[in-house]
Amino acid sequence: MKRLSYFIILLFVVSTGSAQSLLWKVSGKNLKSPSYLYGTIHIQDDRVFAFDSTVWHAFNACETFAMEVLLDQIDLKEVKKKMMMEGDQYISKMLSKKDYAVLDSLCKAKLGVGAFFFNKMKPFFLSSALQQADMPQDQAQALDLFLLKTAREQNKACYGLEEYIDQINAIDALKIDEQLKMLTEMLHDTASTSALEYDSLLQAYLAFDYDKMAEMSNDPSLPKDFDKFLVKKRNVTMYKEFRKIAKSQSVFCAVGAMHLAGDKSVVSLLRKKGYSVEPVVFRWRGEGINN
């Protein structure tokens, strides 16, 4: 269950064949001009911002921008409500006193407040918050938010391919006790192990190595329906919305890398519909976007 934490930043990577690219050009089928798909990762690490001008040329060539959810238009009150457990469910009642003490210390150290403030939060989201607190925060925003901000500054029309509630509902496919197991395993993980595994996962992303990312993220203990709800069903929604936009205007579409890999991915669905979807080779500059 510990590997589920990697889904948080990659949004549930699935396997593909050989490494190719994170940038894909979509053309044909009477499209007036090419559109692009770009696989993102929800972190603030300088290294994932260091794509070369090839990506920016594709971004600037498109009239519009799209991403999974328009994060700057989310109803934060509604999101907070959906992140909470119902009824008489409290993390303090679910964990042993020893584990809760560890959690309390981690929350104070990483999030600035004690575990009491997260007592009603679904364990998945608390695991996510603790996981991301350990990651480098070189940039002010995660990569997907940075791209959205840039699109807004360029006055591009911006579209969301799905509603945030779709992601929440997919996460709810995990039962609370399954989420709690993930949180408990994280409490017993060591900082050195987490740092090493994070770096390995990031290196796989930078190498366009979807198979390695899938290997690190794969967890056979997860319910079978989890992949169906969190990946496959959402891929269909994204594919349909992407097509709808691309028919009338070119679009640079940023989605979690996992949505572009595998035989049921957005890339695969577009190809099956007759579109040409080709990987576009680019290089990393090796340093942050400010260089």
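- Side-chain atoms of S250 and T64, non-hydrogen and from C-beta on, never get closer than 4.5 Å to each other.
- Q179 places a side-chain N or O within 3.5 Å of a backbone atom of L174 that can act as its donor or acceptor partner.
- Proximity of the aromatic rings of Y38 and W24 is defined here by a centroid distance below 6.0 angstrom, and this criterion is not met.
- Remark: aromatic rings of F65 and Y159 are distant, center separation not under 6.0 Å.
- Atom NZ of K247 sits about 12.0 Å away from atom CD1 of I245, to the nearest 0.5 Å.
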Run the numbers on E163 and V69 for side chain to side chain contact (heavy atoms under 4.5 Å, CB included), then give the verdict.
CA-CA 6 Å; E163 300 295 330; V69 176; over 6 Å; no

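- Side-chain atoms of S35 come within 3.5 Å of backbone atoms of V251 as a donor-acceptor pair (strictly under, hydrogens ignored).
- Residue L70 holds its CG atom at 11.0 Å from CG of D144, rounded to the nearest 0.5 Å.
- In this structure, the side chains of L37 and V26 come closer than 4.5 Å at one or more pairs of heavy atoms.
- The shortest heavy-atom contact between C107 and G114 is CB-C, 3.9 Å.
- Judged by distance alone, the side chain of D209 and the main-chain N or O of A204 form no donor-acceptor pair under 3.5 Å.
- A salt bridge between D177 and K181 is absent, with no side-chain N of the basic residue lying under 4.0 Å from a carboxylate O of the acidic one.
- A115 and D104 make their closest contact through N-OD1, 2.9 Å (heavy atoms, listed as atom of the first residue, atom of the second, distance).
- The shortest distance between side-chain heavy atoms of L148 and Q141 does not fall below 4.5 Å.
- Pairing each heavy atom of A261 with each of S265, the nearest pair is O-CB, 3.2 Å.
- We find that K82 and D172 are not joined by a salt bridge, their nearest charged nitrogen and carboxylate oxygen being 4.0 Å or further apart.
- Look at K120 and D88 and you find no salt bridge, because none of the NZ, NE, NH1 or NH2 atoms lies under 4.0 Å from a carboxylate O.
- Note that K156 lies in the cation-pi zone of F59, set by a 6.0 Å cut-off to the ring centre and a 45° limit from the axis.
- Side-chain N or O atoms of W284 include none that pairs as donor or acceptor with a backbone N or O of V48 at under 3.5 Å.
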Check the pair Y36 / C62 against side chain to side chain contact (heavy atoms under 4.5 Å, CB included), numbers first and verdict last.
CA-CA 8 Å; Y36 294 88; C62 292; 3.6 Å; yes

Contacts table for residues 268-278: side-chain donor-acceptor under 3.5 angstrom, sequence neighbours left out:
residue : atom : partner : partner atom : Å
S268    : OG   : D263    : O            : 2.8
R271    : NE   : V277    : O            : 3.1
R271    : NH2  : V277    : O            : 2.6
K272    : NZ   : D263    : O            : 3.2
Y275    : OH   : R243    : NE           : 3.3

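- Between K80 atom NZ and M121 atom CE the span is 8.0 Å, to the nearest 0.5 Å.
- A salt bridge links R234 with E68; the closest basic N to acidic carboxylate O contact falls under 4.0 Å.
- Among pairs with a residue in residues 52-65, none fulfils salt bridge (Lys or Arg N to Asp or Glu O under 4.0 Å), at least two apart in sequence or across chains.
- By the neighbour-count criterion of 12 heavy atoms within 6.0 Å, atom CD of E86 is sparsely surrounded, having that number or fewer from other residues, nucleotides or ligands.
- Of the possible donor and acceptor atoms, none in the side chain of E185 sits under 3.5 Å from a partner among the backbone N and O of M182.
- In this structure, the separation between CG on L31 and CD on Q249 is 12.0 Å, given to the nearest 0.5 Å.
- Using modelled atom types, no side-chain atom of D99 and backbone atom of L95 make a donor-acceptor pair closer than 3.5 Å.
- Between K77 and D75, no side-chain nitrogen of the basic residue sits less than 4.0 Å from a carboxylate oxygen of the acidic one, so the salt-bridge criterion is not met.
- At a threshold of 4.5 Å between non-hydrogen side-chain atoms, the residues Q131 and L126 do not count as touching.
- Linking Ile, Leu, Val, Met, Phe, Trp and Tyr whenever their side-chain heavy atoms come within less than 4.5 Å leaves L183 and Y90 in two separate clusters.
- For the pair F49 and A142, the tightest heavy-atom approach, listed with the atom from each and the gap, is CZ-C, 3.9 Å.
- Counting heavy-atom neighbours within 6.0 Å of Q154 CD, excluding the residue itself, gives a total above 12.
- R283 CZ: 12 or fewer foreign heavy atoms inside a 6.0 Å radius.
- Expressed to the nearest 0.5 Å, how far NZ of K108 lies from CG of L103 amounts to 10.5 Å.
- With contacts defined as side-chain heavy-atom distances shorter than 4.5 Å, the pair Q44/P136 does not qualify.
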Is there a side chain to side chain donor-acceptor pair (under 3.5 Å) between N119 and S92 once you walk through the steps?
CA-CA 6 Å; N119 212 10; S92 59; 3.0 Å; yes

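- Hydrophobic clustering of Ile, Leu, Val, Met, Phe, Trp and Tyr side chains at less than 4.5 Å, counting indirect connections, keeps V281 apart from V55.
- In terms of modelled atom types and a separation under 3.5 Å, the side chain of S128 and the main chain of F124 share no donor-acceptor contact.
- The nearest pair of heavy atoms linking R285 to F51 is NE-O, 3.4 Å.
- Q139 contributes no side-chain N or O that, together with a main-chain N or O of D46, makes up a donor-acceptor pair within less than 3.5 Å.
- Counting heavy atoms from C-beta on, the side chains of F146 and T40 never come closer than 4.5 Å.
- Ion pair E241/K244 flagged as a salt bridge, since at least one NZ, NE, NH1 or NH2 atom sits closer than 4.0 Å to an Asp/Glu carboxylate oxygen.
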Start with the C-alpha distance between F118 and V113, add both sets of side-chain angles, then the distance that settles side chain to side chain contact (heavy atoms under 4.5 Å, CB included), and finish with yes or no.
CA-CA 9 Å; F118 308 99; V113 292; 3.5 Å; yes

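- When side chains are defined from C-beta on, L143 does not count as touching H42, because their heavy atoms never get closer than 4.5 Å.
- Put simply, CD on E78 and OH on Y164 are 11.0 Å apart, with the number rounded to the nearest 0.5 Å.
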Between V255 and M238, is the side chain to side chain contact (heavy atoms under 4.5 Å, CB included) condition met? List the steps.
CA-CA 9 Å; V255 297; M238 293 181 195; 4.1 Å; yes

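- S27 contributes no side-chain N or O that, together with a main-chain N or O of S33, makes up a donor-acceptor pair within less than 3.5 Å.
- A salt bridge is absent between D138 and R47; no separation between the charged side-chain nitrogens and carboxylate oxygens falls under 4.0 Å.
- Between L187 and L106, the closest heavy-atom pair is CD2-CD1, 3.5 Å.
- Residues Y205 and D45 have side chains not in contact (no heavy-atom distance under 4.5 Å, counting atoms from C-beta outward).
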Walk me through it: do F208 and F282 pass the test ring pair (Phe, Tyr, Trp, His ring centres under 6.0 Å)?
CA-CA 11 Å; F208 314 145; F282 69 91; 5.1 Å; yes

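- No more than 12 heavy atoms of other residues, nucleotides or ligands sit less than 6.0 Å from atom NZ of K32.
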